[in-house]
Undergrad: 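Encoded as structure tokens, here's the structure I'll be asking about.
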Amino acid sequence: MITNFIEELKWRGMIHDVMPGTEEHLMEQMRSAYVGFDPTADSLHIGNLVPIMILAHYQRCGHKPFALVGGATGMIGDPSGKSSERNLLDEKTLRHNQECVKGQLSQFLDFTSGAANQAVLVNNYDWMKDISFLDFIRDVGKHITVNYMMAKDSVKNRLSGDSESRGDGMSFTEFTYQLVQGYDFYHLYKEHGLTLQMGGSDQWGNITTGTEMIRRIGEGKGYALTCPLITKSDGSKFGKSEGGNVWLDAERTSPYKFYQYWLNTSDEDAAKYIKIFTFLEKEEIENLIATHQEAPHQRALQKRLAEEVTLTVHSAEDLENAVKASEILFGKSTAANLKALNEKTFLDVFEGVPQAEISRGEVEAGLDIVSALSEKTGFLKSNGEAKRALKQNSISVNQEKVADGHTITAEDLINNRFILLQSGKKNYFVIRVMD
């Protein structure tokens with residue numbers, strides 16, 4: 001059954017531009033559409049989530065999504081929104097990255113059910129690699145004028161920008177990028193009957209080059225739809241944390257840090273993001289926003305946003321661990337919860353907390369708490385200060401209170417590697433045990 005895809009995107013705030021007639025075209029029958037993904041890394045990041053969500057909504061509305069991995073275009077570099085050229089990748093790296101990207105997309109798209117609208121992954125390298133330069137300029141290049149190409153914003157901005165963004169000008173390789181991307185659309189139209197290309201708002205020029213090729217070479221009709229580039233209300237760049245990109249790959253960005261990114265969203269952004277980055281229905285989102293406005297300090301909107309996105313990108317287990325890890329710094333945790341954390345999550349939670357190294361032998365022999373607090377670690381300045389803190393009942397080992405006379409043993413080790421000391425509510429110290 002076909003449902004109204006354009007209507008779905010509109011109320012979610014996910015449409016920037018759409019070619020006239022697209023909505024009617026999609027309501028007639030199941031249609032095929034694609035979004036292109038850059039394979040220059042072995043993981044997508046949250047900047048890719050909007051086009052991924054658009055493809056997922058497309059499939060849920062009864063249509064057939066194609067995800068195009070730009071193996072050929074990844075070897076060139078796209079001038080849209082960029083001021084310099086990208087590194088070019090070899091085929092082996094691109095193939096590896098393609099498989100990684102497919103695994104991440106399969107969290108959102110059905111590639112395996114056998115349904116008529118099952119998602120398909122394609123790589124433009126597969127059809128571009130056998131086309132010679134002479135063939136391309138004869139069969140494709142002659143249909144698009146230089147005037148047409150020069151009028152594109154991505155080209156104009158690059159050529160007329162300030163001296164820094166202009167750099168050494170624009171290479172012929174980059175200038176022809178829009179022809180290659182346009183040809184992808186034409187090829188998919190011809191071979192698979194695709195009639196719609198979707199992407200970020202900076203892709204409009206490249207997408208419409210494709211619709212122009214379909215019109216001139218294929219004597220057919222192609223459609224274009226773009227989504228807005230996501231911004232943050234404070235003006236900072238969406239999808240970046242202090243450590244750089246927020247990746248979908250758990251090895252690059254732990255589920256805990258991923259969860260924290262969404263949890264720390266501002267009220268204004270959370271109300272926008274929950275429509276864009278979750279599959280929650282309109283009524284439920286409206287109720288959530290209303291509940292949040294009544295008691296913003298409880299951050300109900302941010303919590304639900306973080307839960308939904310972490311669950312979709314990672315897993316229920318990863319979400320549970322991320323929630324438990326998030327509670328640790330608020331003192332709502334137990335030694336058992338701490339010991340359940342894997343090493344990466346533990347280090348992420350206590351990033352920036354001072355550390356000291358102690359040999360495994362010392363811990364296995366039994367480490368006196370006073371010694372552990374002062375001379376062995378320097379956490380507290382002296383044995384006297386350590387004894388006073390213990391007497392005031394303000395010292396915890398792995399978030400459980402201890403008294404003078406307590407001995408730290410190998411049984412206290414978190415992940416067989418760490419011990420967490422705490423003085424008062426907010427002063428933490430990590431002992432790292434070395435073999």
Side-chain angles (χ1 to χ4, degrees), residues 1-37 48-68 105-106 108-122 181-182 184-230 272-286 312:
M1 182 182 133
I2 303 296
T3 54
N4 196 318
F5 171 65
I6 301 295
E7 214 169 76
E8 181 72 24
L9 293 195
K10 271 182 184 167
W11 78 259
R12 290 182 182 274
M14 295 173 79
I15 292 184
H16 185 269
D17 266 319
V18 59
M19 200 172 270
T22 303
E23 185 171 0
E24 296 77 4
H25 176 71
L26 294 179
M27 289 306 292
E28 288 170 1
Q29 63 187 70
M30 182 184 85
R31 303 286 188 186
S32 297
Y34 84 99
V35 169
F37 295 96
N48 301 117
L49 274 181
V50 180
I52 295 172
M53 292 297 289
I54 280 182
L55 272 188
H57 283 301
Y58 192 73
Q59 188 171 44
R60 287 170 175 231
C61 287
H63 297 291
K64 188 174 182 73
F66 280 64
L68 179 142
L105 291 174
S106 63
F108 297 82
L109 299 170
D110 159 34
F111 283 97
T112 56
S113 71
N117 70 332
Q118 175 182 305
V120 178
L121 186 87
V122 291
Q181 186 173 329
D184 286 341
F185 195 179
Y186 168 68
H187 173 87
L188 292 170
Y189 166 81
K190 189 177 65 173
E191 299 298 324
H192 299 281
L194 266 84
T195 51
L196 172 64
Q197 185 185 165
M198 304 181 286
S201 58
D202 59 343
Q203 291 295 309
W204 183 260
N206 292 341
I207 295 173
T208 52
T209 298
T211 63
E212 190 67 5
M213 282 189 192
I214 289 169
R215 184 180 73 81
R216 292 186 182 190
I217 307 172
E219 298 181 342
K221 174 77 173 159
Y223 295 85
L225 181 151
T226 58
C227 51
L229 297 177
I230 303 299
K272 183 170 71 171
Y273 293 170
I274 200 152
K275 295 175 187 172
I276 296 171
F277 298 110
T278 78
F279 294 108
L280 298 177
E281 297 295 336
K282 189 175 185 180
E283 191 178 340
E284 187 171 1
I285 287 176
E286 286 170 351
T312 307

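Computed from a predicted structure; not experimentally measured.
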Undergrad: Please check: side-chain N/O of T208 versus main-chain N/O of W204, any donor-acceptor pairing under 3.5 Å?
TA: yes
Undergrad: Could you check whether any side-chain N or O of R12 sits under 3.5 Å from a backbone N or O of F277, counting only pairs where one atom can act as donor and the other as acceptor?
TA: no
Undergrad: Is it true that, when you exclude E281 itself, more than 12 heavy atoms of the residues, nucleotides or ligands shown sit nearer than 6.0 Å to its CD?
TA: no
Undergrad: Rounded to the nearest 0.5 Å, what separation is found between the CE atom of M198 and the SG atom of C227?
TA: 9.0 Å
Undergrad: What distance do R215 atom CZ and Y186 atom OH have between them, rounded to the nearest 0.5 Å?
TA: 14.0 Å
Undergrad: Given side chains that start at C-beta, do those of N4 and M27 come closer than 4.5 Å, heavy atoms only?
TA: yes
Undergrad: Is there a donor-acceptor pair under 3.5 Å between the side chain of Q59 and the backbone N or O of D110?
TA: yes
Undergrad: So does K275 have more than 12 non-hydrogen atoms from other groups sitting under 6.0 Å from NZ?
TA: no
Undergrad: As an exercise, state the distance from OH of Y223 to CD1 of I207, rounded to the nearest 0.5 Å.
TA: 15.0 Å
Undergrad: Is L105 close to F111 at the side-chain level, that is, under 4.5 Å between some pair of heavy atoms?
TA: yes
Undergrad: I'd like to check K221 versus T211 (side-chain heavy atoms, cut-off strictly below 4.5 Å). Are they in contact?
TA: no
Undergrad: Between R31 and E28, is there a side-chain N and carboxylate O pair less than 4.0 Å apart?
TA: yes
Undergrad: Given 3.5 Å as the limit, does a donor-acceptor pair link the side chain of D17 with the main chain of T226, or not?
TA: no
Undergrad: How long is the gap from CG on L26 to CD on E7, to the nearest 0.5 Å?
TA: 12.5 Å
Undergrad: Any side-chain donor-acceptor pair under 3.5 Å between N206 and T209?
TA: no
Undergrad: Would the distance check show the side chain of E191 and the main-chain N or O of H187 forming a donor-acceptor pair, the cut-off being under 3.5 Å?
TA: no
Undergrad: I'd like to know if the side chain of Q203 pairs up with that of Q197 as donor and acceptor (distance under 3.5 Å, no hydrogens or angles considered).
TA: no
Undergrad: Measure up the H57 and F279 rings against each other and bin them: parallel (under 30°), tilted (30 to 60°), perpendicular (over 60°).
TA: perpendicular
